[in-house]
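Here's the structure we're looking at; comments come further down.
First listed ligand is number 1; within each ligand, the first listed atom is number 1.
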Amino acid sequence: MVPAYRLAMRPEDLLTPTPAGLFCPPGGFHIDPTRPVARALITHGHADHARAGHGAVLATPETLKIMAARYGEGFAARTEIAKLGETMTIGGGRVTFHPAGHVLGSAQIAVEANGLRIVTSGDYKRRADPTCRPFVPVPCDIFISEATFGLPVFRHPPAEAEIAKLIASLDQFPERAHLVGAYSLGKAQRVIRMLRDAGYDRTVYLHGAMETLCRLYEAEGISLGVLAPATLKSGAKGDFTGAVVVCPPSEITERWARRFPEPMACFASGWMRIRQRAKQAGVELPLVISDHADWVELTETIAEIAPAEVWVTHGREEALVRWCELNGVAARPLHMVGYEEDEGA
Ligand SMILES: [Zn+2]
Ligand SMILES: [Zn+2]
């Protein structure tokens with residue numbers, strides 16, 4: 001028997017995977033397109049979702065500011081603000097942005113026509129994050145879920161406990177500079193804000209790649225305490241004794257890091273759950289802090305929303321599809337390309 005929601009409209013006629021990304025034929029727009037398109041709806045500012053060069057971009061005000069900071073003001077021919085929870089009509093479709101809890105400004109996008117609603121999660125998480133609005137579950141016929149950490153092995157510990165580990169290490173090794181590798185959009189600011197919430201009030205030093213987005217977060221009302229650039233005067237190693245230096249993950253074991261006193265390589269990422277991966281990356285203090293849903297969050301979210309169908313995109317698709325089928329939810333992988341292992345992982 002054909003389910004009722006299938007009679008309204010074929011889901012593929014409302015949102016369909018194309019080489020450029022998800023496309024909505026009645027609305028004439030793409031969501032998070034991977035190549036330049038006429039009209040793009042963007043879930044959040046990470047580089048694999050938000051690219052420069054589209055004709056028009058519709059996104060939350062924060063995402064538009066992040067894109068302007070990263071690509072320059074001319075990143076699109078035209079921009080339009082999406083207000084969370086407000087429905088807009090685009091061609092023959094209706095569109096509503098809802099918070100996704102991933103990074104500042106991140107949104108899920110609900111697309112509706114002829115009684116059918118598809119929600120694309122973008123990247124999301126369910127854990128508390130003092131730097132962005134929490135995820136809102138939106139009832140829908142089809143839920144398009146990310147699957148970055150879509151394997152049962154991925155269970156993120158409480159982020160507060162990981163921050164406590166960092167603080168304990170700072171106490172235990174007061175002579176060592178702690179170089180905390182963190183993605184420049186979202187993770188860096190979350191780690192700094194959580195350090196503040198845990199009572200850490202010393203200056204936090206920033207690699208140059210972190211500064212613009214930290215300032216942007218502060219301008220959006222997320223206070224990060226005293227920050228200073230991690231610029232080194234030659235022979236001034238002592239300035240960073242026992243300091244926290246936040247930098248891109250790629251820098252923690254590079255030459256840049258060795259200029260700090262007895263640098264300790266720390267990395268805040270969901271991937272740090274895999275000990276081998278931490279070891280290979282030369283990470284001495286792995287901090288399992290992720291801006292993506294872990295296995296429990298992914299499966300509990302699907303159970304909570306209870307959609308008729310789940311489409312799984314970027315990440316470990318097969319395990320989540322299998323879980324859906326075992327739990328009586330129709331599911332399929334979208335096999336979308338162009339979404340890297342997210343810079344927010
Ligand atoms: Zn992301
Ligand atoms: Zn992503």
H46 ND1 to H102 NE2 via the Zn ion (ligand 1), rounded to 10°, gives 90°
Apex the Zn ion (ligand 1) - arms OD2 from D123 and NE2 from H44 - angle rounded to 10°
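The OD2/NE2 angle about the Zn ion (ligand 1) sits at 90°.
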Looking at F75 versus H54, is the centre-to-centre ring distance below 6.0 Å?
no
Counting neighbours of CZ on R332 that are heavy atoms of other residues, nucleotides or ligands and sit closer than 6.0 Å, is the number greater than 12?
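Enclosed: over 12 neighbouring heavy atoms sit under 6.0 Å from CZ of R332.
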Which atom name does H49 have for its N/O/S atom nearest to the Zn ion (ligand 2)?
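Considering only N, O and S atoms, H49 comes nearest to the Zn ion (ligand 2) through NE2.
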Could you work out, with ring-ring contact (aromatic ring centres under 6.0 Å, His included) as the rule, every residue matching Y124, not counting sequence neighbours?
F135
Does the shortest distance from the Zn ion (ligand 2) to an N/O/S atom of H314 fall below 2.8 Å?
yes
By side chain to side chain contact (heavy atoms under 4.5 Å, CB included) - contacts of E304 (at least two apart)
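Expected list: R126, P137.
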